[in-house]
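Taking it in order: structure first as structure tokens, then the write-up.
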Amino acid sequence: MSTPHGTGDPSGAGPQAAAQRHLQATAHRHLWLHFTRMSSYAESDMPVIVRGSGQYVYDNRGKRYLDGLSGLFVSQIGHGRAEVAEAGARQAAELAYFPLWSYAHPRAIELAERLSALAPGQLNRVFFTTSGSEAVESAWKLAKQYFKTIGQPGRYKVLSRDIAYHGTSMGALAITGLPGIKEAFEPMAPGGVRVPNTNFYRAPDFVSGDVEAFGRWAADEIDRAIEREGPESVAAVFLEPVQNSGGCFPPPPGYFARVREICDRHGVLLVSDEVICAFGRLGYYFGSQRYGYQPDIITFAKGVTSGYSPLGGMMVSDALMEPFGSGREDISGFESPRRAGRAGTSGPSGTATFLHGITFAGHPVSAAVALANLDVFEKEDLLANVRANEGAFRATLEKLSDLPIVGDVRGDGYFYGIELVKDKGTKQTFSDEESERLLRGYLSPALFEAGLICRADDRGDPVIQLAPPLTCTREHFDQIEQILRAVLTEAWSQL
Ligand SMILES: Cc1ncc(COP(=O)(O)O)c(C=O)c1O
């Protein structure tokens, strides 16, 4: 949850200071920040970010910050790309809006084709949304309706992992594994079941020395949960390629292969929630490609537009689409030019309607922006940049392991979590009071003041989360390391 940031007191007498005071007063009077204890700003300013350029953003005092979190795991190509903004503006002038309810528009068609060509296996169908929560919500609804349509109406439950975040709308919240953000909204939609996550740093003793045994155990817990619930009642398993919440838990070797096998054995759908992990975060267009598994559905959002306009969606396999038809009987002979030579272009034949829709989903401006965003990915070979530099990013962050407060540095690609501990030897974590004092009281404002945007989070054990733009290079990694070193050293001395 967010915390006050010391943005200073613009108490000067000039017109600029007056404008800042007015903006702050207006924000304090009218704006409600998300996941934010608003009372914490009672005595301090809210940070106001006014512009971005490359890997940096600037506040209304002109101060520069390295965007170590890509906003919120969003700004893959970095800030201030005129060509992407202009693609949106051109589209707004040509066709600002039309719904995808019974109609199509060219940018949604082009983007659906392009995403199908990038996605693994036979994920050839794109259902657009405006956000990640809606994508997750849509995937669960599709799973439920799909099973009802094919004569397995008892399948409605969804498995997901402890501490995993899958969104805030009521369906997505039921899949989310964070009790602290759910309690206020109980009762949840029925059917959410929790299984262990893949935090190897905190693995149970009997598998703590062997990452492969840990992975087998964690996957088999999914098997046991399905058996316990009754396989005929389970619709889907929702997993991120690398779980974000809790501080970047990559999958142990063999984990996803085993999960895939378990899902197949029980007839359960595997949904890869790639709202964070798609679009280069792990050096591939989709996180499942990095770890070599084939999902039945991929949910995405965030990086698909790098935030130049909101968009999300789910990609669905041909098999899942079967009961819903193709909209055209003769499509089986059609091969999309971008998918030429790849499997899975035959057209499904059912007549069911997916009873779900969202007014702004696949918005023309957002679809145009997504296409321009993908052009930047291609032109600058951003995936190659991540793969070439991820080793340097890891090595730079691992230098911090010499600090007494750094317990674990983990992640892949441009996606890292640093777990903070009170005692490295015993892995003892902080009490709630210490965590409150450390994260909210000191770390968040201090990191911001030092010019680094990242996230100090204690929804699991306390972690610093990092996910910089995919254009970052060693110079940015060094800056991140230097700021973290100074602030974490000071934090330790204050404990
Ligand atoms: C894995 C995952 N799923 C779903 C969501 C929800 O996305 P949104 O905030 O766009 O609704 C998030 C957001 O961070 C996420 O990280």
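Start at 1 and go down the list; that is how both ligands and their atoms are numbered. The figures here come from the full heavy-atom set of this structure, side chains too, leaving out hydrogens, waters and symmetry mates. Because the structure is predicted, anything quoted here is derived from the model rather than measured.
Against a heavy-atom cut-off of under 4.0 Å, Ile276 is close to the following atoms of ligand 1: 16 (O). Listed by number with element, the atoms of ligand 1 under 4.0 angstrom from any heavy atom of Glu240 are 1 (C). Taking every non-hydrogen atom of Lys302 and a distance limit under 4.0 Å, the qualifying atoms of ligand 1 come out as 13 (C), 14 (O). Taking a cut-off of under 4.0 Å to the non-hydrogen atoms of Gly132, the atoms of ligand 1 that pass are 6 (C), 7 (O), 8 (P), 10 (O), 11 (O). In the vicinity of Ser131, heavy-atom distances shorter than 4.0 Å reach the ligand 1 atoms 10 (O), 11 (O).
By the criterion of a heavy-atom distance under 4.0 Å, both the backbone and the side chain of Tyr165 are placed next to ligand 1.
Closest to atom 5 (C) of ligand 1 among all protein heavy atoms lies Val275 CG1, 3.8 Å.
In this structure, His363 has its ring center under 6.0 Å from that of Tyr97. A centroid separation of 6.0 Å or more is found between the aromatic rings of Phe415 and Phe393.
At a 3.5 angstrom cut-off on N or O pairs, Asp273 counts as close to ligand 1. Checked by distance only, ligand 1 and Ser133 come closer than 3.5 Å through their nitrogen or oxygen atoms.
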Take Arg281 and Glu240 through the test salt bridge (charged side-chain N to carboxylate O under 4.0 Å, His left out) and record every step on the way to the result.
-> CA-CA 12 Å; Arg281 181 56 51 208; Glu240 290 168 87; over 6 Å; no
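A donor-acceptor pair under 3.5 Å links the side-chain atoms of Asp67 to the main chain of Ser70, judged by distance alone. Within the 3.5 Å criterion, the main-chain N or O of Gln294 finds no donor-acceptor partner in the side chain of Ser288.
Salt bridge absent: Arg258 and Glu261 never bring a charged side-chain N and a carboxylate O closer than 4.0 Å. With respect to Asp461 and Lys427, no salt bridge is recorded, no charged nitrogen being found less than 4.0 Å from a carboxylate O.
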